[in-house]
Structures are given as structure tokens and as C-alpha cells.
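First the structure, in the form of C-alpha cells, and then the observations on it.
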Protein chains: 2
Amino acid sequence: MKPSNYPKIFKALSNEQRLKIFMSIYEQSLKSSKAGSVFPAKDSTCCVMEKAFTKMCECINLSRSTISHHFKELQNAGLIICEREGQMYRCRINEETVNSIKEFLK
Amino acid sequence: MKPSNYPKIFKALSNEQRLKIFMSIYEQSLKSSKAGSVFPAKDSTCCVMEKAFTKMCECINLSRSTISHHFKELQNAGLIICEREGQMYRCRINEETVNSIKEFLK
DNA sequence: CTGACTGTTCGATTGTTGTAGAACAGTATG
DNA sequence: CATACTGTTCTACAACAATCGAACAGTCAG
């Protein structure tokens, strides 16, 4: 990871809502080591992660378009990797970037 | 450290220039464990840290007022602690905040 | 094929940030 | 006490970010 990427990463995490979204995905990805199961069955335990965009709106109180925007920012910073497959929205943490955060100040 | 402080911390580090300033102070404070010696003698090795505000301008090419502003932001985020004592500008890392950064994603 | 859902893109609006310069206040030094 | 430095504060402005609603395109159940 180039040091020049840190500002970009921190900028992505500097917005409260975006940090919430990221943390949801991060925590979910800790629970399920299997990649791609971040938005899994309908009866998951996590308030945010059990629902995709539209339902996430109810939780963090933002419009769908805003949430879409935040997801794009997170992807842009290399923090998450998302892909749509039909109606399924697959989304996972980018381990490489997470590791470089852990390396920061080490 | 309350989780609510993370956005603030990351925002402070999301600006490239501000991150440079912070890293200079951080690295300097690793070298000299003695607090308060961040801007020490005139012949220190570190380009940025051997000089205070005005000379720092030459290194990172910003005006004094802008650098002052960035220092304030860093202080505001709890990342550094600064105090003036006559013409001496003492500045050190806030260990507590640094630790909470290290705790992030742990 | 229609209707009801996805998430996305666009445009507008409002708020925030990064920056410089001028005017300032404190402090050494001659 | 001038003058030449500190860093600070204020003001202004351009650039950027967060947000929404509307219009959109893909998908799937009936």
C-alpha cells in the first residue's frame, strides 16, 4: 500500500454515515468468513446487513441515492468490493486495504 | 475512546498536507521519547521538524496561516497537543488518540 | 408484458474545507 | 522603543462533499 493512499482511505472513513456502513460490512464479514455472504439470508442478526440499500435507509436514515453514493466512495477508496448479481448485492471487505490500515502507525 | 470520535480523527488525517504534518510530529516523537522536544535544536535531521511553522512553509509549500489552521485541526481531533512557551513551540503526540487508532479494526 | 421492486445516475442545493493574505499580538534582540 | 521575527485570527473565496428527489435501467413474480 502506497502511503499516498492513506488520505483517500481516511477521507472515506471520515464521514459518520459512511463509517457506520463500513463497520457494518466489516463486522458482518468477521462473522461470516465466507466471502460474498455479507447480505445473506433475510433473518440475519445485524440490523443493517440483513437488508440491502433500500432497507438500510430506514436504519441510517438516508435516501437510497445517498447510500449508493457512500458505497461508491467506499469502493473508490478500496475499502470494499461490491458486485451485483441479479438482485443479489454482494459486498465484501478488501483485506488488503484493511491490512494497510492496521499497518498505519506501526 | 468513544467510537463517535473516529470520524473526527479520520477527517483530520484525510488531508494530505495535514497527514504529512502529523507524520512528521509522530516520527519525531518516536525518535525522542522525551516529551516536548519535538521542535528541538536547529540541526535536527528531520526536514520539517527542525523548523517551526514559518520554515515548515518552505517544506510543504503552504502559508503560515494555513499551517496554523492545520495544527489547530490536528489538536481539535485530539491527535496532538501543542503549547507555546515564549518563542518555543512545544508539540507532542496525544498517546491516547494514537492508541485508539491502533485499536481501530482490532 | 405490467407492476413492483432493485440499485444507479443526474442535477440542484446547501454546507464544509483548504487556502491565501492582511492585520494582529506576543517576544526577543539590538 | 524599533524592528524583525514568532504564531494567530479574520475574511474571503473557490473547490469539494453530503444530501435529496426525480428519472432511469435491470430483474423478477404474477
Side-chain angles (χ1 to χ4, degrees), chain A residues 4 6-22 24-25 36 38-42 48-77 79-92, chain B residues 4 6-22 24-25 36 38-42 48-77 79-92:
Chain A
S4 57
Y6 280 117
K8 205 171 168 186
I9 295 170
F10 292 141
K11 186 164 291 166
L13 298 175
S14 73
N15 179 275
E16 195 181 330
Q17 311 302 147
R18 211 150 49 210
L19 183 60
K20 267 188 211 166
I21 294 172
F22 174 73
S24 296
I25 300 171
V38 173
F39 292 130
K42 293 221 167 176
V48 177
M49 302 318 298
E50 76 180 337
K51 307 161 179 181
F53 276 43
T54 308
K55 299 241 175 134
M56 196 182 274
C57 299
E58 295 167 16
C59 293
I60 63 178
N61 221 23
L62 291 174
S63 70
R64 272 178 305 151
S65 57
T66 303
I67 291 185
S68 175
H69 166 70
H70 284 323
F71 265 79
K72 206 187 289 179
E73 291 291 309
L74 289 171
Q75 287 180 82
N76 220 251
L79 283 160
I80 61 174
I81 299 167
C82 300
E83 45 192 77
R84 282 182 79 180
E85 191 178 299
Q87 270 186 326
M88 190 64 181
Y89 197 75
R90 290 168 180 272
C91 184
R92 64 198 161 82
Chain B
S4 57
Y6 280 118
K8 207 171 167 185
I9 295 169
F10 292 140
K11 187 164 290 167
L13 298 176
S14 74
N15 178 274
E16 194 180 331
Q17 310 302 146
R18 210 151 50 211
L19 183 58
K20 268 188 211 166
I21 293 173
F22 174 74
S24 296
I25 300 171
V38 173
F39 292 129
K42 291 221 167 176
V48 176
M49 303 318 297
E50 76 181 338
K51 307 160 179 183
F53 276 44
T54 308
K55 299 243 174 134
M56 195 182 275
C57 299
E58 296 168 15
C59 294
I60 63 179
N61 221 23
L62 291 174
S63 71
R64 272 177 305 150
S65 58
T66 302
I67 291 184
S68 175
H69 166 70
H70 284 326
F71 265 79
K72 205 186 291 177
E73 291 290 309
L74 288 171
Q75 287 179 83
N76 220 252
L79 282 159
I80 61 175
I81 298 167
C82 300
E83 44 192 78
R84 283 182 78 180
E85 190 178 300
Q87 268 187 326
M88 191 63 181
Y89 197 76
R90 291 168 179 272
C91 186
R92 63 196 161 81

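Heavy-atom basis, side chains included; hydrogens, waters and symmetry copies ignored. In what follows, chains carry the letters A, B, and so on, assigned in the order in which the sequence lines appear, proteins first and then strands, with residues in each chain numbered from 1.
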In whole angstrom, give the distance that lies between atom [atom1] of [X] and atom [atom2] of [N].
X	N	atom1	atom2	answer
A:Ile21	D:dT19	CD1	P	9 Å
A:Leu19	D:dA18	CG	C1'	16 Å
A:Arg90	D:dT27	CZ	P	15 Å
A:Arg84	C:dC5	CZ	P	16 Å
A:Gln75	C:dT9	CD	P	10 Å
A:Leu62	D:dA18	CG	C1'	9 Å
A:His70	D:dT19	NE2	C1'	8 Å
A:Tyr89	C:dT8	OH	P	5 Å

For [X], which contact category applies under a 4.0 Å heavy-atom criterion: base, sugar-phosphate, or nothing?
X	result
B:Arg18	sugar-phosphate
B:Gln17	sugar-phosphate
A:Ile67	nothing

Measuring from the side chain of [X] (C-beta onward, heavy atoms only), which nucleotide among [options] has the closest atom?
X	options	result
B:Ser65	C:dT19, C:dG7, D:dT9	D:dT9
A:Lys72	D:dT19, D:dC20, C:dT9	C:dT9
B:Lys11	C:dT17, D:dA18, D:dA17	C:dT17
B:His69	D:dT19, C:dG18, C:dT8	C:dG18
B:Asn15	C:dG18, C:dT8, D:dT9	C:dG18

A:Ser63 side-chain N/O to D:dT19 phosphate OP1/OP2 under 4.0 Å
no

Does A:Ser68 place a side-chain N or O at less than 4.0 Å from the phosphate oxygens OP1/OP2 of C:dG7?
no

A:His70 backbone acceptor or donor facing A:Arg18 side chain under 3.5 Å
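Looks like no, no N/O pair under 3.5 Å.
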
Quick check against the 3.5 Å criterion: does B:Ser24 have a side-chain atom that pairs as donor or acceptor with the backbone of B:Lys20?
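A pair under 3.5 Å: yes.
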
How about B:Phe22 and A:Tyr6: are their ring centres within less than 6.0 Å of each other?
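No: the rings miss the under 6.0 Å criterion.
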
Considering non-hydrogen atoms only, spot the tightest contact between B:Ala77 and B:Ala12 and give its length.
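Closest approach of B:Ala77 to B:Ala12: CB-CB, 3.6 Å.
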
Looking at A:Glu16, I'd like to know if its CD atom is crowded, meaning that more than 12 non-hydrogen atoms belonging to other residues, nucleotides or ligands lie closer than 6.0 Å.
no

